[in-house]
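Because only heavy atoms are used, hydrogens play no part in the values below, and waters and symmetry mates are left out as well, while side chains stay in. Lettering follows sequence order; numbering is per chain, from 1.
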Amino acid sequence: MPSALSLYRLLLSVYGPQHWWPAESQFEVVVGALLTQNTNWRNVEKAITNLKCAGRLSPVGILKTRNAELETLIRPSGFYRQKAVRLKLLTRKYSEILGRDSPPTREELLEVKGVGKETADSILLYAFGLPYFVIDAYTKRFCAHHHLYEGKGYDDYRVFFESSLPQSVPLYREYHALIVAWGKGGGKRSEGKQKVKG
DNA sequence: GGCCAGGACACCA
DNA sequence: TGGTGTCATGGC
């Protein structure tokens, strides 16, 4: 039975540092966390580039943009109608947080419609530097593949990793990125067929 | 031309 | 509580 930490070291030796989320601002990370939902990151980059070129990649920029224009700008990221609405809701929450000089709590991020556990934890970890381990579909397959852990829900997995590893933000960031690299590299295919939806 | 990507939510039983 | 449909673009 491997340990979470030994598998991390193994992944790092195989794939190397991933240098994830090379964003130019904290807000860009927040935007990316929402737009990347069930979407290829390359498409997210197109959407973020559009927002930048239009001078809208800021809380004020987003909030003053009409929904129709916002939809057009983020269209490459897919699900653009609902993401436009949800991006504004999240931006409002982000503006509240900026105005009070204390980081967001997980609970208040989860109150935002369109922000689920993975997105909330991504924001906490990558944007605010708080030690929340991000769980995604790859992570569960990774655990099953290596007989590392089997839980029921999202938080089971999160607590497992957080209690198995040193509490380190750089470690959490790199580990999640490495698991995604593992999944893209073919790890997912060893776990059988993935969900297919029309 | 089908498959899938760094999900979340509404709805139903 | 768990399963299913919906949202949608773009790369391969």
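Taking atom C1' on both nucleotides, C:dG5 is separated from B:dG6 by 22 Å, rounded to a whole Å.
Both A:Val112 and A:Val180 lie close to DNA chain B; mapped to their nearest nucleotides by heavy-atom distance, the more 5′-ward contact belongs to A:Val180. Of the two residues near DNA chain C, A:Arg42 and A:Thr39, the one whose nearest nucleotide lies more 5' is A:Thr39.
Not one side-chain nitrogen or oxygen of A:Lys152 sits closer than 4.0 Å to the OP1 or OP2 atom of C:dT1. Side-chain N/O atoms of A:Lys184 include none lying less than 4.0 angstrom from OP1 or OP2 on B:dC4.
Nearest to the side-chain atoms of A:Thr36 among the listed nucleotides C:dG11, B:dG6, B:dG7 stands B:dG6.
Residues meeting the salt bridge (charged side-chain N to carboxylate O under 4.0 Å, His left out) test with A:Lys113, sequence neighbours left out: none. Residues meeting the salt bridge (charged side-chain N to carboxylate O under 4.0 Å, His left out) test with A:Lys140, sequence neighbours left out: none.
Note: CG (A:Asn50) to P (C:dT9) measures 14 Å, nearest angstrom. Residue A:Gln37 contributes atom CD, which lies 13 Å from atom P of B:dG6 at whole-angstrom precision. Rounded to whole Å, the distance from CZ on A:Phe142 to P on B:dG6 is 17 Å. Taking atom CD on A:Glu111 and atom P on B:dC9, their separation rounds to 12 Å, with Å as the unit. Look at OH on A:Tyr154: it is 13 Å from P on B:dC9, rounded to the nearest Å. Atom P of nucleotide B:dA8 and atom CG of A:Leu90 are separated by 12 Å, given to the nearest angstrom. For the pair A:Asp121 CG and B:dG7 P, the interatomic distance rounds to 13 Å; values are reported in whole Å. Between A:Lys140 atom NZ and B:dG7 atom P the separation is 11 Å, expressed in whole Å.
Centroid-to-centroid, the aromatic rings of A:Trp21 and A:Trp41 come within less than 6.0 Å.
A donor-acceptor contact closer than 3.5 angstrom links the side chains of A:Gln26 and A:Tyr94. Judged purely by distance below 3.5 Å, without hydrogens or angles, the side chains of A:Tyr126 and A:His176 pair a donor atom with an acceptor atom.
Stacking is found between A:Trp20 and the pyrimidine-like six-membered ring of the B:dG6 base under the 5.5 Å centre-distance and 30° plane-angle cut-offs.
Non-hydrogen atoms lying under 4.0 Å from DNA chain B are contributed by A:Gln82, A:Arg86, all within residues 65-88 of chain A.
In this structure, A:Val115 reaches the sugar-phosphate backbone alone: every heavy-atom distance under 4.0 Å involves primed, P, OP1 or OP2 atoms, never a base.
Rounding to the nearest 0.5 Å gives a distance of 4.5 Å between CD of A:Glu108 and NZ of A:Lys93.
Stacking of A:Arg158 on the aromatic ring of A:Phe133 is not recorded, the 6.0 Å distance cut-off and the 45° axial limit not both being met.
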